[in-house]
Each structure stands twice: as structure tokens, then as C-alpha cells.
Amino acid sequence: MKRTSALSLVLILSIFGCEQATTIEGLWVVKSVVVGDEEMTPNARWTRFNSDHTQESGNGRFQHSYGTWELKAGSNELTIINSNGLDDINEPFLISLSQSEMIWERTEEGQHVNVILERSAQLPETYGDKILGLWALEKATGNGRYFKESDKKESSDYIFFRWDKRFRIESELGRVNGVYNVHGHKPEVELIPYGDQVKRDFWEILFEEDQITLTLLNSDTLVTRRFRRIRNFPD
């Protein structure tokens with residue numbers, strides 16, 4: 001009798017564990033988005049499905065959407081409603097679900113959409129998350145508006161990327177303030193300085209451990225700026 005009860009308990013726990021492993025609830029990170037023949041994967045996009053059928057979505061550390069979700073009983077049709085967004089006029093997603101991966105499929109404007117998500121224990125980081133903070137200039141190659149050409153590793157020149165999408169530059173050329181935008185799909189940053197004659201610059205970002213290198217795009221000559229992360233403003 002005791003043995004039968006023990007076996008029954010193991011079976012119940014196994015079934016419960018399987019159900020838990022394949023539930024839609026939890027945090028999911030988008031790994032791939034393909035629309036027709038074009039890949040359109042956003043940087044660090046995620047969605048969290050809660051047990052009370054609420055959901056929230058974002059990119060990196062920034063949550064920008066919230067609402068509800070419904071998985072139709074007896075089917076694999078997933079409907080997501082964003083309370084602060086636009087109405088979704090398309091059919092629900094057809095989903096397939098495993099322990100660590102979920103696939104969404106449907107047709108949008110005549111094109112097949114395929115989204116692959118992976119279960120995650122933590123939020124991913126966007127390029128915008130990684131660039132935040134204070135960076136000291138280590139090397140400047142090529143002439144540019146913000147820093148003189150130099151290879152001095154000990155420098156008081158810096159760029160500060162703030163959380164509110166503003167930047168500040170201090171260099172031998174003076175102070176520059178402005179706003180910046182980080183591309184949602186590529187490691188690129190747009191610097192928009194304040195002033196009467198606003199000229200925008202687009203820079204590719206190379207991330208290394210505690211270092212970034214910015215390379216000016218659409219330039220006839222090589223213009224790069226290499227920085228290392230610091231945690232105090234230079235004197």
C-alpha cells in the first residue's frame with residue numbers, strides 16, 4: 001500500500017513538473033523574427049506572461065508595453081492585447097511550445113511571420129543599455145567635431161551617456177550637449193548636439209569588456225573614438 005502510494009506520488013509530481021516546464025507563463029526573449037524572406041529581429045526584445053493573464057513587453061531594461069494574454073482553451077491560438085498600444089487586427093498567433101522554446105506563426109499583410117522565443121531567467125540587455133554611463137577617451141583617430149586626434153590614454157576627455165537619452169562631451173574642443181538615439185536593431189548610435197545648426201552624426205558601436213569604440217559612418221576617411229568605462233568624472 002505504501003509502495004503504491006509512493007509510486008502514485010512520483011507519477012503526479014512527474015506530470016506536474018512536465019506541465020510546469022511547458023507552460024507559457026514566465027519570461028521569454030525573442031531570438032528571431034522573420035517576415036516573409038526578411039529577418040527583422042529586434043534587439044533584446046522580451047515578453048513576460050503572468051499567471052493572472054497579464055503580460056508586459058519591452059526591450060532590454062525598458063518596459064514599453066503592458067496588457068493581457070489569452071491562450072484559447074483546447075487550441076494553440078495566442079492572443080496578446082496591449083492596453084497602451086494599437087489594436088492588433090491580425091489573427092491570433094499559432095504557437096508551438098517546448099520546455100525552453102516557443103514559436104509563433106501567423107500571416108500579416110500577406111506575409112508569413114515566424115517568431116522564435118527562448119525562455120529566460122533574466123532580462124536581456126540592449127545596445128542602449130550597454131552604452132549607458134561615463135566613458136573616458138583613450139584614442140581618437142581622424143579629425144572630427146568632438147575630439148582632437150590623439151592616442152593619449154591618460155586624458156580628461158570623456159563622453160557621458162545618460163539614462164534620459166542625453167549626452168555630454170567634455171574635450172579640448174569644449175563642451176557639447178545633446179540627445180542620442182541607439183538603433184533598435186543594430187549597434188549604432190546617433191548623436192544630435194544642441195545648437196542653432198544641428199548636425200547629426202551616426203556612429204557604429206563596437207563593444208568590448210569595459211570599452212567601446214565608435215566609428216563614424218558615411219565618412220570618406222576613418223574616424224574612430226575609443227573609450228574605457230570610468231566611474232568618476234575626470235578632474
Side-chain angles (χ1 to χ4, degrees), residues 26-34 39-48 56-66 100-101 115-142 144-147 150-171 175-194 199-219 222-234:
L27 177 64
W28 298 86
V29 176
V30 174
K31 306 305 293 185
S32 172
V33 176
V34 177
E39 179 154 351
M40 303 178 64
T41 306
N43 180 220
R45 181 62 180 265
W46 56 267
T47 298
R48 180 183 282 111
E56 55 261 355
S57 300
N59 289 74
R61 306 298 180 186
F62 178 58
Q63 177 191 320
H64 50 64
S65 304
Y66 59 88
S100 60
E101 185 178 84
V115 183
I116 299 176
L117 306 93
E118 286 185 353
R119 193 182 293 278
S120 179
Q122 60 185 12
L123 294 176
E125 283 190 316
T126 63
Y127 305 125
D129 294 324
K130 293 179 181 180
I131 205 174
L132 286 174
L134 182 61
W135 304 87
L137 181 70
E138 280 196 329
K139 184 176 182 180
T141 301
R145 292 188 300 146
Y146 303 129
F147 300 95
S150 172
D151 59 359
K152 296 185 298 182
K153 286 198 173 184
E154 295 299 324
S155 170
S156 60
D157 295 359
Y158 68 82
I159 185 168
F160 181 36
F161 290 102
R162 295 171 28 160
W163 68 270
D164 57 0
K165 307 304 179 184
R166 290 181 170 87
F167 74 87
R168 184 170 85 229
I169 290 174
E170 290 278 0
S171 76
R175 173 179 287 193
V176 178
N177 291 294
V179 295
Y180 71 94
N181 293 313
V182 177
H183 200 288
H185 294 259
K186 299 181 289 187
E188 293 179 7
V189 61
E190 175 188 12
L191 302 182
I192 310 171
Y194 297 141
K199 183 178 180 181
R200 304 181 179 201
D201 289 327
F202 295 85
W203 300 78
E204 184 180 38
I205 314 166
L206 173 64
F207 292 97
E208 299 175 276
E209 186 175 357
D210 285 333
Q211 281 190 333
I212 56 171
T213 300
L214 304 182
T215 301
L216 184 62
L217 298 173
N218 302 320
S219 174
L222 179 65
V223 180
T224 64
R225 304 289 184 258
R226 189 177 71 203
F227 303 87
R228 60 181 171 81
R229 185 181 291 283
I230 57 175
R231 289 172 174 78
N232 293 287
F233 287 98

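The model shown is predicted, which means the values in this text are computed figures rather than measured ones.
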Testing the basics here: between [X] and [Y], what is the closest heavy-atom pair and its distance to 0.1 Å?
{"X": "Glu39", "Y": "Ser32", "value": "OE2-OG, 4.4 Å"}
{"X": "Asn59", "Y": "Asn43", "value": "ND2-O, 2.9 Å"}
{"X": "Leu132", "Y": "Arg162", "value": "CD2-O, 3.5 Å"}
{"X": "Ala121", "Y": "Leu27", "value": "C-CD2, 4.3 Å"}
{"X": "Val29", "Y": "Ser120", "value": "CG2-CB, 3.6 Å"}
{"X": "Gly128", "Y": "Ile131", "value": "O-CG2, 3.5 Å"}

| task | Could you tell me which residues satisfy side-chain hydrogen bond (donor to acceptor under 3.5 Å, both in side chains) with Asn232, sequence neighbours excluded, listed by chain and number? | result |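 Not a single residue meets the side-chain hydrogen bond (donor to acceptor under 3.5 Å, both in side chains) criterion with Asn232.
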| task | Show your working on side-chain contact (heavy atoms from CB on, under 4.5 Å) between Leu216 and Phe202 and close with a plain yes or no. | result | CA-CA 6 Å; Leu216 184 62; Phe202 295 85; over 6 Å; no
Value rounded to 0.5 Å, distance of [atom1] in [X] from [atom2] in [Y]:
{"X": "Arg225", "Y": "Thr141", "atom1": "CZ", "atom2": "OG1", "result": "7.5 Å"}
{"X": "Glu188", "Y": "Leu217", "atom1": "CD", "atom2": "CG", "result": "5.0 Å"}
{"X": "Gln122", "Y": "Trp46", "atom1": "CD", "atom2": "CH2", "result": "13.0 Å"}
{"X": "Phe161", "Y": "Leu134", "atom1": "CZ", "atom2": "CG", "result": "10.5 Å"}
{"X": "Asn181", "Y": "Lys165", "atom1": "CG", "atom2": "NZ", "result": "8.0 Å"}
{"X": "Asp210", "Y": "Ile212", "atom1": "CG", "atom2": "CD1", "result": "11.0 Å"}

| request: For this output row, return yes or no: ring centroids of Phe160 and Phe167 closer than 6.0 angstrom. | output: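 No: the rings miss the under 6.0 Å criterion.
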Are any non-hydrogen side-chain atoms of [X] and [Y] less than 4.5 angstrom apart?
{"X": "Ile116", "Y": "Val34", "answer": "no"}
{"X": "Pro193", "Y": "Tyr146", "answer": "yes"}
{"X": "Leu123", "Y": "Arg48", "answer": "yes"}
{"X": "Leu137", "Y": "Ser171", "answer": "no"}
{"X": "Gln211", "Y": "Glu138", "answer": "yes"}

| field | Check: Asp129 main-chain N/O paired with Thr126 side-chain donor or acceptor under 3.5 Å | value |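 Checking the backbone N and O of Asp129 against the side chain of Thr126, a donor-acceptor pair under 3.5 Å is found.
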| said: Using only atom types and a distance under 3.5 Å, with no angle test, would you say the side chain of Arg145 pairs donor to acceptor with the backbone of Lys199? | reply: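 Yes, the answer is positive, given that a donor and an acceptor are paired below the 3.5 Å cut-off.
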| message | Could you walk me through whether Arg168 and Tyr158 satisfy the side chain to side chain donor-acceptor pair (under 3.5 Å) test, starting with their C-alpha distance in whole Å, then the side-chain angles of each, then the deciding distance to 0.1 Å, before giving a yes or no? | response | CA-CA 8 Å; Arg168 184 170 85 229; Tyr158 68 82; 3.2 Å; yes
| query | With the threshold set at 4.0 Å, does a side-chain nitrogen-carboxylate oxygen contact exist between Glu190 and Arg200? | reply |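 The answer is yes: the pair qualifies as a salt bridge.
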| request: Test side-chain contact (heavy atoms from CB on, under 4.5 Å) on His185 and Thr41 and set out the steps. | output: CA-CA 7 Å; His185 294 259; Thr41 306; 5.6 Å; no
| query | Taking atom types as modelled and ignoring hydrogens, do the side chains of Ser57 and Thr47 form a donor-acceptor contact shorter than 3.5 angstrom? | reply |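 Checked: Ser57/Thr47 side chains pair up, N/O donor to acceptor below 3.5 Å.
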| said: Run the side-chain contact (heavy atoms from CB on, under 4.5 Å) test on Trp163 and Phe62 for me, step by step, so that the C-alpha distance in whole Å, both residues' side-chain angles and the decisive distance to 0.1 Å come before the verdict. | reply: CA-CA 11 Å; Trp163 68 270; Phe62 178 58; over 6 Å; no
| said: If you count every heavy atom of other residues, nucleotides or ligands that lies below 6.0 Å from Asp164 atom CG, does the total exceed 12? | reply: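 Correct, the count exceeds 12.
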| Can His64 and Arg45 be said to form a side-chain contact (heavy atoms from CB on, under 4.5 Å), step by step? | CA-CA 10 Å; His64 50 64; Arg45 181 62 180 265; 3.7 Å; yes
| Knowing that exactly one of Val223, Leu214, Ile169 qualifies, which makes a side-chain contact (heavy atoms from CB on, under 4.5 Å) with Phe147? |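 Looking at Val223, Leu214, Ile169, the match for Phe147 under the side-chain contact (heavy atoms from CB on, under 4.5 Å) is Ile169.
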